[in-house]
Amino acid sequence: MPELPEVEVVRRGLETWVAGREIASAEVLHPRAVRRNTGDLADLLVGRTVVSAERRGKYLWLPLQDAGSPVEDALMAHLGMSGQLLMIEPKEPAEKHLRVRIGFADGGPELRFVDQRTFGHLLVSPLSVRPSRTVPEPIAHIAPDPFEESFDDAEFAIKIRRRQTGVKRALLDQSLISGVGNIYADEALWRARLHWARPTETLTGKKVAELLAAARSVMTEALGEGGTSFDRLYVNVNGESGYFDRSLAVYGRRDEPCPRCGAPVRRDAFMNRSSYSCPKCQPRPRNGRW
DNA sequence: AGTCGGCCCTGCGAGC
DNA sequence: TGCTCGCAGGGCCGAC
């Protein structure tokens, strides 16, 4: 699925293409795409104007304005494993996995939610005003992502070292740090020379700082390349894919040489998916944790 | 309360 | 060619 850099690419596109436009229609083609809504999507959206495009971690949302009223709700999106938000001319034929289409009063390009695996969804929800930041209520419990002002490095270090788990599982826990998924977790761990099963309680403060710096640098570089894509499943709002997969050190590179030491990259099964690491740079710890 | 496994889906490529 | 299997970038929920 799109992780933080890919979602940020989509957010930027949405900001350009839908901010300031009034919604005129909403059509749901697959119920799973709107499964968390309590009402009819069109009833919730039509007549409201998109204010901007916001993001925390892997979640996107479009704050909605009713004429003359304060902004209290947002259309939130999570892309899941295969979701895309595309700007398409209304006359263009439907994509095979088109789930929702949202039209605008100006008759210009419509917003289409296309999602092969239907893990993603759209949800209209109230915004929750917090001292640090206003976010949609359903994601008020997830942590800031490491590019937000409100992300507190020292607090993160304390929290992760209190966990009784493996460092990769902790990195993927969106309530501890948001935005990091399987690809960037593996890449950040490789940069910080940490094995994925390293018990979090054995991490030093210095190592946690290194890991955070690695996560930030790899995601910043990926954003600069337009994100990571192995196929056509991840694209920006214009349907273009990024190139960062060419810059990955270990992810998806089983048996290829580690760019640092040349040892063949190893793949381990992990939480029903994969973990890639260098056996020399990232030795398996004794008493490793999943 | 914190931790962890199972499960929600569809499609694609590898191997037989 | 056609089947089955394993795998895919996530997160929610229930069981301990």
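Reminder, nothing fancy here: chain letters follow the sequence lines and each chain counts from 1. Quantities reported herein were computed from a predicted structural model and do not represent experimental measurements.
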Problem - side-chain hydrogen bond (donor to acceptor under 3.5 Å, both in side chains) between A:Tyr59 and A:Ser178, worked out - result: CA-CA 9 Å; A:Tyr59 287 87; A:Ser178 65; over 6 Å; no
Handout entry: Worked check of salt bridge (Lys or Arg N to Asp or Glu O under 4.0 Å) between A:Asp66 and A:Arg48
Key = CA-CA 5 Å; A:Asp66 296 299; A:Arg48 311 181 91 177; 3.1 Å; yes
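Two residues, A:Arg117 and A:Ile142, neighbour DNA chain C, and the one matched to the more 5' nucleotide by heavy-atom proximity is A:Arg117. If you find the closest nucleotide of DNA chain B to A:Arg273 and to A:Gln164, the one lying nearer the 5' end belongs to A:Gln164.
Among A:Arg162, A:Lys207, A:Arg289, the single residue meeting the salt bridge (charged side-chain N to carboxylate O under 4.0 Å, His left out) criterion with A:Glu201 is A:Arg289.
When heavy atoms are screened at a 4.0 angstrom cut-off, A:Arg32 is found touching the sugar-phosphate backbone but no base atom. Looking at heavy-atom distances under 4.0 Å, A:Tyr59 makes contact with sugar-phosphate atoms alone, never a base. Counting any heavy atom pair closer than 4.0 Å across all strands shown, A:Lys159 reaches no nucleic acid atom.
For the atom pair CG (A:Asp115) and CG (A:Leu29), the distance works out to 12.5 Å, reported to the nearest 0.5 Å. Atoms CD1 and CZ, from A:Ile139 and A:Arg56 in turn, are 6.5 Å apart once rounded to the nearest 0.5 Å.
With distances taken from any side-chain atom of A:Lys58 to the nucleotides C:dC12, C:dG11, B:dC8, the minimum falls on C:dG11. Closest to the side chain of A:Ser274, out of B:dC7, C:dC7, C:dG10, is C:dC7. Residue A:His97 has its side chain nearest to B:dG11 when only C:dC12, C:dG10, B:dG11 are considered.
The shortest distance between the side-chain N/O atoms of A:His121 and the OP1/OP2 oxygens of C:dG11 is not below 4.0 Å. The shortest distance between the side-chain N/O atoms of A:Arg163 and the OP1/OP2 oxygens of B:dT3 is below 4.0 Å. For C:dG11, one of the phosphate oxygens OP1 or OP2 lies less than 4.0 angstrom from a side-chain nitrogen or oxygen of A:Gln174. An OP1 or OP2 oxygen of B:dT3 is reached within less than 4.0 angstrom by no side-chain nitrogen or oxygen of A:Arg169. Contact check, A:Lys96 against B:dT10: no side-chain N or O comes under 4.0 Å of OP1 or OP2. Residue A:Ser82 has no polar side-chain atom (N or O) positioned under 4.0 Å from OP1 or OP2 of B:dG11. Under 4.0 angstrom from either OP1 or OP2 of C:dG11 there lies at least one side-chain N or O belonging to A:His78. For the pair A:Arg267 and C:dC7, the criterion of a side-chain N or O lying under 4.0 Å from OP1 or OP2 is met.
A perpendicular orientation is assigned to the rings of A:Tyr251 and A:Tyr276, their planes being inclined by more than 60° (bins at 30° and 60°).
Atoms CZ (A:Arg254) and P (C:dC7) sit 8 Å apart, rounded to a whole Å. Atom CE in A:Met81 sits roughly 15 Å away from atom P in B:dC12 (whole-Å rounding). Going from atom CG of A:Leu98 over to atom P of B:dT10 covers 16 Å, rounded to whole Å. Atom-to-atom, CG of A:Asn272 to P of B:dC7 comes out at 9 Å; the value is rounded to the nearest Å. The separation between A:Leu171 atom CG and B:dT3 atom P is 14 Å, rounded to whole Å. A:Arg35 has its CZ atom 11 Å from the C1' atom of C:dG10, to the nearest Å.
Pairing for B:dC9 is absent, judged as Watson-Crick or G-U wobble with the two contacts each under 3.5 Å.
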